[in-house]
Amino acid sequence: MGKAKKETRAAKHSTWKELREQIRQKRTTFIVWSVLRVVVILVAVWCVLRQQWESFFNCLLTLLLFMAPTFVEKKLQLRLPSALENTVLVFIFCAQILGEIACFYIQYPLWDKMLHTVNGFLFAAFGFCLVDLLNEHKRFRFALSPMFQAVMAFCFSMTIGIAWEFFEFSADKFLGLDMQKDRVITEFQSVTLDETQSNIPISVHDITKTTIETADGSTYVIDGYLDIGLIDTTEDLFVNFIGATVFCVVGWIYVYRRGKNRLAAAFIPVVTKPDEAAEPDENESTGDTDTQTL
């Protein structure tokens with residue numbers, strides 16, 4: 001019984017020692033995480049007092065997302081640079097708390113575009129990290145050129161951006177939300193207005209008002225014409241493209257110069273522990289490992 005207690009104390013001591021070491025190594029990240037976490041908790045309390053339950057659950061989701069970097073590090077055996085981890089934490093806070101609860105998406109039209117640009121930048125960084133994970137796999141060895149790594153990271157970032165737009169569309173379609181923000185425009189082109197049905201786009205300019213009448217008798221008047229998310233989706237993908245392109249250029253230089261680019265090094269996760277199968281096994285010793293050079 002006494003031995004079991006000693007082992008439990010030793011395990012707790014080891015855990016606390018490991019935690020203190022992690023805090024010491026990432027002091028800035030711990031401060032950022034702590035400050036943002038306190039702010040989110042205060043916002044959650046404020047939401048409860050005002051009975052804004054949707055915003056309250058948004059705060060809970062934010063606190064959960066704050067744990068994502070640590071989960072990714074442990075699950076994928078990566079080391080996230082402090083600059084990357086801080087950016088991810090601030091990104092989550094800006095998107096969930098400032099964007100949704102503080103209504104920055106409505107008050108500042110460029111807020112959403114800024115976040116989508118950062119999103120493309122960040123996931124391009126993770127795309128470069130995926131190459132390292134493949135290189136550490138026991139069965140496959142990829143000797144990827146710097147250009148191919150950049151292309152792979154770019155495709156990964158754009159795929160995430162597209163998947164997010166699918167999510168926004170699905171949320172609007174099936175949950176009655178408006179994640180694809182509408183926009184008032186004053187001109188458009190449409191073949192639907194072509195009475196000859198000859199697929200000729202009819203241009204409509206200088207729209208001053210649009211009146212919407214519903215079956216229940218409700219009437220809405222808009223100063224212009226309402227675009228229901230097409231422009232928002234296209235612009236989101238475009239700024240995601242810009243963010244991904246910028247980082248892929250920086251990452252290409254980083255790989256080409258063999259890790260001598262400080263900006264890229266501050267954002268590209270590093271594999272801390274090779275895959276357990278990276279060690280020589282029976283297949284490798286008999287020459288069964290697949291090697292591919294790209």
Side-chain angles (χ1 to χ4, degrees), residues 54 58 61 91 94-96 98-127 147-148 150-249 252:
E54 182 177 348
N58 204 342
L61 175 61
F91 176 85
C94 290
Q96 296 298 115
L98 297 182
E100 296 290 347
I101 298 178
C103 300
F104 274 32
Y105 289 131
I106 304 299
Q107 298 177 18
Y108 306 101
L110 293 180
W111 188 258
D112 182 56
K113 302 300 173 279
M114 177 194 70
L115 292 180
H116 275 279
T117 304
V118 175
N119 179 77
F121 187 90
L122 292 177
F123 278 103
F126 279 101
M147 180 57 68
F148 194 91
V151 170
M152 180 177 178
F154 173 81
C155 292
F156 176 77
S157 178
M158 290 303 300
T159 300
I160 296 298
I162 292 172
W164 177 255
E165 294 303 322
F166 286 166
F167 171 76
E168 287 189 347
F169 174 80
S170 300
D172 295 351
K173 180 72 174 178
F174 301 109
L175 300 179
L177 303 179
D178 186 21
M179 298 186 70
Q180 295 177 301
K181 296 297 184 288
D182 304 335
R183 177 176 302 185
V184 175
I185 58 178
T186 58
E187 60 182 22
F188 67 89
Q189 299 80 36
S190 174
V191 298
T192 304
L193 301 178
D194 178 22
E195 296 181 353
T196 66
Q197 296 184 352
S198 302
N199 201 35
I200 299 175
I202 303 300
S203 298
V204 180
H205 300 282
D206 302 324
I207 303 172
T208 57
K209 288 186 181 299
T210 301
T211 301
I212 302 175
E213 298 180 356
T214 64
D216 63 0
S218 300
T219 301
Y220 304 90
V221 179
I222 302 170
D223 293 329
Y225 180 79
L226 189 64
D227 170 79
I228 56 172
L230 176 62
I231 295 177
D232 177 76
T233 297
T234 304
E235 290 182 349
D236 287 350
L237 291 176
F238 182 70
V239 296
N240 192 102
F241 168 86
I242 293 175
T245 300
V246 169
F247 191 87
C248 286
V249 171
W252 176 81

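The structure presented is a predicted model; accordingly, all values stated were derived computationally and were not measured.
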- With no hydrogens and no angle check, is any side-chain donor or acceptor of Ser157 less than 3.5 Å from a backbone partner on Gly120?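 It does hold such a pair.
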Only distances under 3.5 Å count here; give the side-chain donor-acceptor pairs of residues 160-169 to other protein atoms, sequence neighbours excluded, each with its distance to 0.1 Å.
residue	atom	partner	partner atom	Å
Trp164	NE1	Glu168	OE2	2.8

- Message: Can you list everything that forms a salt bridge (Lys or Arg N to Asp or Glu O under 4.0 Å) with Asp172? Sequence neighbours excluded, please.
- Response: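 Applying salt bridge (Lys or Arg N to Asp or Glu O under 4.0 Å) to Asp172 gives none.
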- Kindly write out the residues that satisfy salt bridge (Lys or Arg N to Asp or Glu O under 4.0 Å) with Asp223, not counting sequence neighbours, or none if the list is empty.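 Counting only residues at least two positions away or on another chain, Asp223 forms a salt bridge (Lys or Arg N to Asp or Glu O under 4.0 Å) with Lys209.
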- Message: Can you give me the closest heavy-atom contact between Cys248 and Ala150, atom names plus distance?
- Response: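 What the structure gives for the nearest pair is SG-O, 3.3 Å.
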- Over all atoms of both residues, closest heavy-atom pair of Asp227 and Ile231: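 Nearest pair, atom of Asp227 first, then Ile231: OD2-N, 3.2 Å.
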Report the distance from atom [atom1] of [X] to atom [atom2] of [Y], rounding to the nearest 0.5 Å.
| X | Y | atom1 | atom2 | value |
| --- | --- | --- | --- | --- |
| Asp112 | Thr117 | CG | OG1 | 9.0 Å |
| Leu226 | Thr210 | CG | OG1 | 8.0 Å |
| Phe238 | Thr234 | CZ | OG1 | 11.0 Å |
| Lys181 | Trp111 | NZ | CH2 | 14.0 Å |
| His116 | Thr233 | NE2 | OG1 | 8.5 Å |

Side-chain donor-acceptor contacts of residues 200-208 below 3.5 Å, not counting sequence neighbours, with atom names and distances?
residue	atom	partner	partner atom	Å
His205	ND1	Glu187	OE1	3.1

- Item | Partner of Phe123 by side-chain contact (heavy atoms from CB on, under 4.5 Å), out of Phe154, Phe156, Phe247 |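 With Phe123 as partner, Phe154, Phe156, Phe247 yield a single side-chain contact (heavy atoms from CB on, under 4.5 Å), made by Phe156.
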- Message: Can you confirm whether the side chains of Asp232 and Gln180 place a donor and an acceptor under 3.5 Å from each other?
- Response: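 Per modelled atom types, Asp232 and Gln180 side chains form no pair under 3.5 Å.
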- Message: Do Asn119 and Asn240 pair up side chain to side chain, a donor and an acceptor below 3.5 Å, judged on atom types alone?
- Response: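 Yes, Asn240 and Asn119 have a side-chain donor paired with an acceptor closer than 3.5 Å.
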Would one find more than 12 heavy atoms of other residues, nucleotides or ligands at under 6.0 Å from atom [atom1] of [X]?
| X | atom1 | value |
| --- | --- | --- |
| Gln197 | CD | no |
| Ile228 | CD1 | no |
| Tyr105 | OH | yes |

- Could you list all the ring-ring contact (aromatic ring centres under 6.0 Å, His included) pairs where at least one residue sits in residues 180-201, not counting sequence neighbours?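 Applying ring-ring contact (aromatic ring centres under 6.0 Å, His included) to every pair that reaches into residues 180-201, excluding sequence neighbours, yields Phe188-Tyr225.
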- Message: Using the side chain to side chain donor-acceptor pair (under 3.5 Å) criterion, which residues pair with Thr219? Sequence neighbours excluded.
- Response: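 None.
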